[in-house]
Amino acid sequence: MSSRISEHASITVIETADIGGTNATSGWLSMKNYARAMGYVEIGTWDSSDDLDECRFQQASDSSGTGAKDLTTDASGGDYDTDNPVDADGDFVILEVRGEDMDVDSGFDHVRLYVAEGGNTGADNVTGVVIRYGYAYPKKELQGAASTGSKV
C-alpha cells in the first residue's frame with residue numbers, strides 16, 4: 001500500500017472513542033475514481049474482559065448510507081476473524097478493499113469503516129483511519145469526443 005499512496009490519497013480518521021456497548025464509524029466516503037481503501041483500527045485503553053466484536057467495511061449507495069450492507073466480514077474465519085479478536089492496548093486490525101469488490105452494478109459507491117463492542121465492563125477505546133488511494137482522473141476518449149456515426 002505504501003508505494004501506491006500519492007498526493008491524491010484521502011485520509012479520514014475515527015477519533016478515539018469509547019465503544020463499550022456501542023459502535024463507531026468513519027462516516028460514508030465516496031470511492032468514485034479510487035481503486036482501493038485501507039482501514040486501520042488500533043485498540044487504546046481497553047478492558048481485558050472485552051473483545052473488539054465487530055470490525056468491517058460496509059458499502060452504501062450514497063453518503064447517507066442508503067442500502068448499507070457489508071463489504072468485508074467479521075465472523076469466525078472472516079476478514080476480521082472473531083475467533084481471534086483484538087482485545088488489548090496496542091492491538092490493531094488492518095482491512096483492505098478494492099473498488100471492484102463493491103456492488104457498483106447496484107449503485108454502491110460509498111464505504112465506511114465500522115467497529116463495535118457489545119460488552120461494556122470498562123473503557124473500550126479505539127482509534128481508526130481510512131485511507132482511500134489509487135485515485136485516477138477520469139480519462140477522455142483518446143480519439144476525441146464521439147459524434148454519431150463518425151467516432152466511437
Side-chain angles (χ1 to χ4, degrees), residues 1-140:
M1 187 211 52
S2 62
S3 65
R4 303 194 79 179
I5 293 180
S6 70
E7 67 275 9
H8 301 296
S10 166
I11 300 172
T12 303
V13 176
I14 297 176
E15 299 289 334
T16 301
D18 181 353
I19 63 166
T22 188
N23 63 64
T25 68
S26 64
W28 292 104
L29 307 165
S30 174
M31 285 295 290
K32 184 174 180 173
N33 298 326
Y34 285 97
R36 298 172 184 250
M38 188 271 293
Y40 175 86
V41 175
E42 185 169 325
I43 300 296
T45 302
W46 195 265
D47 187 280
S48 62
S49 62
D50 291 336
D51 296 328
L52 183 64
D53 294 330
E54 301 176 61
C55 184
R56 63 182 170 265
F57 270 105
Q58 295 178 311
Q59 60 183 325
S61 59
D62 58 35
S63 62
S64 66
T66 302
K69 62 182 180 178
D70 294 344
L71 183 56
T72 63
T73 59
D74 49 19
S76 175
D79 299 310
Y80 173 67
D81 188 354
T82 55
D83 285 344
N84 299 292
V86 296
D87 60 2
D89 191 351
D91 286 359
F92 63 90
V93 178
I94 297 174
L95 294 172
E96 293 189 277
V97 294
R98 297 178 179 173
E100 65 235 31
D101 296 336
M102 299 179 71
D103 185 6
V104 293
D105 290 341
S106 297
F108 288 80
D109 59 0
H110 283 70
V111 297
R112 77 173 178 181
L113 186 60
Y114 176 93
V115 294
E117 165 49 39
N120 188 17
T121 55
D124 294 320
N125 293 327
V126 297
T127 303
V129 64
V130 176
I131 301 172
R132 294 174 292 166
Y133 61 101
Y135 188 87
Y137 289 107
K139 296 179 181 175
K140 293 182 179 179

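The first residue in the sequence is number 1, and the count goes up from there.
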key: Under 3.5 Å side-chain donor-acceptor pair for Thr82 and Ser76   = no

ask   = Phe57 and Val130: side chain to side chain contact (heavy atoms under 4.5 Å, CB included), yes or no, with the steps?
value = CA-CA 10 Å; Phe57 270 105; Val130 176; 4.1 Å; yes

message = Going by side chain to side chain donor-acceptor pair (under 3.5 Å), Arg56 matches just one of Thr72, Asp79, Asp74. Which one?
response = Asp74

task = Could you grab the distance from atom OH of Tyr40 to atom SG of Cys55, nearest 0.5 Å is fine?
result = 11.5 Å

key: Shortest non-hydrogen separation from Val93 to Tyr80 and the atoms involved   = CG2-CE1, 3.6 Å

task = Working to the nearest 0.5 Å, report the span between CD of Glu96 and CG of Asp101.
result = 11.0 Å

inquiry  = Whether the side chain of Asn84 engages the backbone of Asp81 through a donor-acceptor N/O pair (distance < 3.5 Å, no angle test) should be reported.
reply    = no

request  = Report yes if some heavy atom in the side chain of Tyr114 is under 4.5 Å from a heavy atom in the side chain of Asn23; otherwise report no.
outcome  = yes

key: Side-chain donor/acceptor of Asp50 to backbone N/O of Asp47, under 3.5 Å   = no

remark   = Looking only at heavy atoms, the pair that brings Gly27 and Arg112 closest together is O-CB, 3.1 Å

key: Chi angles and distances behind the side chain to side chain contact (heavy atoms under 4.5 Å, CB included) call for Thr127, Val41   = CA-CA 6 Å; Thr127 303; Val41 175; over 6 Å; no

inquiry  = Just so I know, are the side chains of Thr25 and Leu113 near enough to count as touching, which here means a heavy-atom distance under 4.5 Å?
reply    = no

pair Leu29-Arg132: side-chain heavy atoms closer than 4.5 Å = yes

inquiry  = Test your reading of the model: is there a side-chain donor-acceptor pair from Gln59 to the backbone of Asp109, 3.5 Å cut-off?
reply    = no

Minimum heavy-atom distance Tyr34-Tyr133, with the two atoms named = CD2-N, 3.6 Å

ask   = Out of curiosity, Ile43 CD1 to Asp124 CG, how far, rounded to the nearest 0.5 Å?
value = 8.0 Å

message = What I'd like to find out is whether the side chain of Gln58 reaches to under 4.5 Å of the side chain of Asp70, using heavy atoms alone.
response = yes

key: Under 3.5 Å side-chain donor-acceptor pair for Ser49 and Thr121   = yes

query = Any idea which heavy atoms bring Ala60 and Ala68 closest together, and the distance?
reply = CB-CA, 4.2 Å

task = Evaluate the side-chain proximity of Trp46 to Asp87: yes if any heavy-atom separation is below 4.5 Å, no if none is.
result = yes

request  = Decide yes or no for Ser10 and Thr12: does some side-chain heavy atom of the first lie under 4.5 Å from some side-chain heavy atom of the second?
outcome  = yes

note = To the nearest 0.5 Å, atom OG of Ser26 lies from atom CD1 of Ile131 at 12.0 Å

note = In terms of heavy-atom contacts, Ala24 and Ile14 come closest through CB-CG2, 4.0 Å

ask   = With a 4.5 Å limit on heavy-atom distance, are the side chains of Lys69 and Phe108 in contact?
value = yes

Candidate pair Ile19 and Val115, rule side chain to side chain contact (heavy atoms under 4.5 Å, CB included), full reasoning = CA-CA 8 Å; Ile19 63 166; Val115 294; 4.2 Å; yes

request  = Measure from the side-chain N and O atoms of Asp18 to the backbone N and O of Ala123, and report whether any donor-acceptor pair falls under 3.5 Å.
outcome  = no

task = Check for a donor-acceptor pair, side chain of Arg36 on one end and backbone N or O of Tyr135 on the other, with a separation under 3.5 Å.
result = no

key: Enclosure of Glu15 CD (heavy-atom neighbours >12, cutoff 6.0 Å)   = no

query = Hey, what do you get for CD (Glu42) to OG1 (Thr16), rounding to the nearest 0.5 Å?
reply = 9.0 Å

request  = Give the intermediate values and the outcome of side chain to side chain contact (heavy atoms under 4.5 Å, CB included) for residues Met38 and Leu95.
outcome  = CA-CA 6 Å; Met38 188 271 293; Leu95 294 172; over 6 Å; no

